[in-house]
Amino acid sequence: MSDLHNRKVYHPNEEFAKNAAIKSMDEYRALQDEATNDYEGFWGRFAKEKLDWVEPFTNVLDESDFPFVKWFDGGKLNVSSQCIDRHLDARGDKTAILFEGDRGDVQKITYKELSKNVNKFANLLKEDFEVKKGDRVVIYMPMIPEAAYAMLACARIGAIHSIVFGGFSAEALKDRIQDAEAKVVITADGAYRKTKPYMLKPVVDTALEGETPVKKVLVVERNNEEINWVDGRDYSYHELIKNKSDVCAPEVMDSEDPLFLLYTSGSTGKPKGVQHNSAGYILWAQMTMEWVFDVKEDDVYWCTADVGWITGHTYIVYGPLAMGATTVMFEGVITYPDAGRPWKMVQDHKVNQFYTAPTAIRVLHKMGEHEPANYDVSSLKVLGTVGEPIDPPAWKWYYEEVGNSKCAIVDTYWQTETGGHVVSPLPGATPIKPACATLPLPGIMAEIIDEEGNTPELGEKGLMCITRPWPAMIRGVWGDKERFIKSYFGDVKKDGKPVYFTGDGAVYDKDGYITITGRTDDVINVSGHRMGTAEVEAAILKDDNVAEVAVVGKPHPLKGEGIFAYIALKSEVSDEEAEKKSINNIIKQEIGNIALCDHIIFVPGLPKTRSGKIMRRILRSIAKGEEITQDISTLEDPSIVEKIVAMAK
Ligand code: WT7
């Protein structure tokens, strides 16, 4: 970070800024001042302007039970109506979802068609599966339009969806189903990847073995491969949907009725079910679409995430549809058949905003540096990045080769728990710097502070916190009030009051710009996916021959971080490679391929303090190949460090 204060500044494209939602830093500051001076007034104004209320709210923010807060209390609405019904008159024939399949098949679903499909789906869930308001529905789906219909159908009838990313294993799916006590699973036979069919339904079958709260499984046929059907449990979507009415009155929901759960990793224990509620979430999803991506009526917007992650929730489905945009949904792999695929899609669909992760940018850069020039990508106006700190070379390539040095890059910093962006440039207003998330969005009181709430010295790392509740914030950890408080409000206080701590470190530069430096806890960021070290360790411990394990992140040129495991075996093995394979196999079964270890080394023991705490910091340094500068005299057996260093070479 030596050049932190001297990074090149890129000013917004002037032509673009003229029509932008927020046109200048003056406008940005005016909004942020408005929020600072009258926080509730600010949010109340936007909630009235942006949402269609069935009944108006009577109170903007209730903090009396902090950190359990209530936004827009008394208000009634339905999130699926926000995303569909209110657009039908003005833009019923506009494409809502522009789907491109893995094999290049394209489907354009208008708002009218979306309405019919979602209403039928909602009726199916109600009539055939007896899903009621408050019931949990697990969605384990590929990237096909039916995944969005399923989400919106749940929202329509007030059911709480919990999407599990299709790359998670049966065991991981089972854990999430049980924690949420889901009564229905919506899945597909499978889908296509690199033109070949792959399967999901068999994973669901395994996850439901033994005792399960799940009564019914709905299977969307996508690849029509042969699957197993369990009588009385499994039903074909295409069969059941046929005779459903395309009218389904939306359930009238309270502002604070839960909308969805999404499981994410923490530094300890099992993944936690992050709960988002209705009004505050959808308000911020829509506002950030307008402010950060600056989507206009005729624009085509594409986010490459998977619906299984929060980015897919907020910025493929809820945000774009709430504002009436055309959102691209892509089933395939962005580097297939070659690294020109996304640029061909930008050309074919005239994409105006493109949003992806640094790991994808690095891969596209490496595999197809000059591919963007082979296509007409001149429709692009805003480029987004999310999920991990982006490195300056990848940023530069994105800016110059993809954006032709005329598009703003919005480096959007946020988390599953924040619901939507919290720190990000505004494309028509904020002068940007490479690899820098810049400034808090208007209305978000994001600050870098230390544990006592003081601002760190210039250039010193601090903790990325949000000092006031915001509408899209996490409302709870499903079934675990204590964990919610401890995970997010336990570490940092400002003016004596606990504030939300993100788990990330960050640093201000001389202009007050925020640069995120990465997690300060035991969470690893692999290709923009959050992995808890505790979860990976728990999986590895299932191997009978493993005595002890510690995993840490190791910087990886494409993935951001890779997983490095230090393992002490109970007894020596003759074939270390076979043992490593079997350990990765267990991880695959317990979590999924996303958590496979890049490096495994077998060590005689782990560096522990006398109280038995593993010194992960030392292991991180060893994984990076750094000199060990930490004090190791407090270790139970300091000689172990030298041994491990030698083995890791
Ligand atoms: C963690 C959240 C937010 C959607 C995707 C990931 C890291 C996210 C940035 C960014 C640096 C970032 C943080 C954060 N992160 N965006 N622009 N710059 N780091 O959601 O799985 O909840 O992960 O991703 O470490 O805490 P998630």
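We count ligands from 1, going down the list as the structure has it; atoms in each ligand are counted the same way.
Between H161 and Y318, the ring planes lie parallel to each other; the angle is under 30°, not in the 30° to 60° tilted range.
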Item to complete: Dump the intermediate steps for ring pair (Phe, Tyr, Trp, His ring centres under 6.0 Å) on F489 and F66, then the final yes or no.
Response: CA-CA 10 Å; F489 301 92; F66 183 88; 5.4 Å; yes
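Sorted by first and then second residue, the ring pair (Phe, Tyr, Trp, His ring centres under 6.0 Å) pairs with a member in residues 448-470 read W470-Y500; sequence neighbours excluded. Applying the salt bridge (Lys or Arg N to Asp or Glu O under 4.0 Å) rule to pairs touching residues 469-490 yields E256-R475, sequence neighbours excluded. The ring pair (Phe, Tyr, Trp, His ring centres under 6.0 Å) pairs that include a residue from residues 429-466 number zero, where partners must be two or more places apart or lie in different chains.
Of the residues W302, F293, F330, the one that meets the ring pair (Phe, Tyr, Trp, His ring centres under 6.0 Å) test with Y355 is F293.
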Tabulating one pair per line, provide the atom names and distances (0.1 Å) for every N/O atom of ligand 1 that is less than 3.5 Å from a protein N/O atom.
residue: ligand 1; atom: 15 (N); partner: G387; partner atom: O; Å: 3.3
residue: ligand 1; atom: 16 (N); partner: G387; partner atom: N; Å: 3.1
residue: ligand 1; atom: 17 (N); partner: D411; partner atom: OD1; Å: 2.7
residue: ligand 1; atom: 17 (N); partner: T412; partner atom: O; Å: 2.7
residue: ligand 1; atom: 18 (N); partner: E388; partner atom: O; Å: 3.4
residue: ligand 1; atom: 19 (N); partner: P389; partner atom: N; Å: 3.4
residue: ligand 1; atom: 22 (O); partner: T416; partner atom: N; Å: 2.7
residue: ligand 1; atom: 22 (O); partner: T416; partner atom: OG1; Å: 2.5
residue: ligand 1; atom: 22 (O); partner: R530; partner atom: NH1; Å: 2.8
residue: ligand 1; atom: 24 (O); partner: G387; partner atom: O; Å: 3.1
residue: ligand 1; atom: 25 (O); partner: D504; partner atom: OD1; Å: 2.6
residue: ligand 1; atom: 25 (O); partner: D504; partner atom: OD2; Å: 3.3
residue: ligand 1; atom: 26 (O); partner: Q415; partner atom: NE2; Å: 3.0
residue: ligand 1; atom: 26 (O); partner: D504; partner atom: OD2; Å: 2.5
residue: ligand 1; atom: 26 (O); partner: R519; partner atom: NH1; Å: 2.9

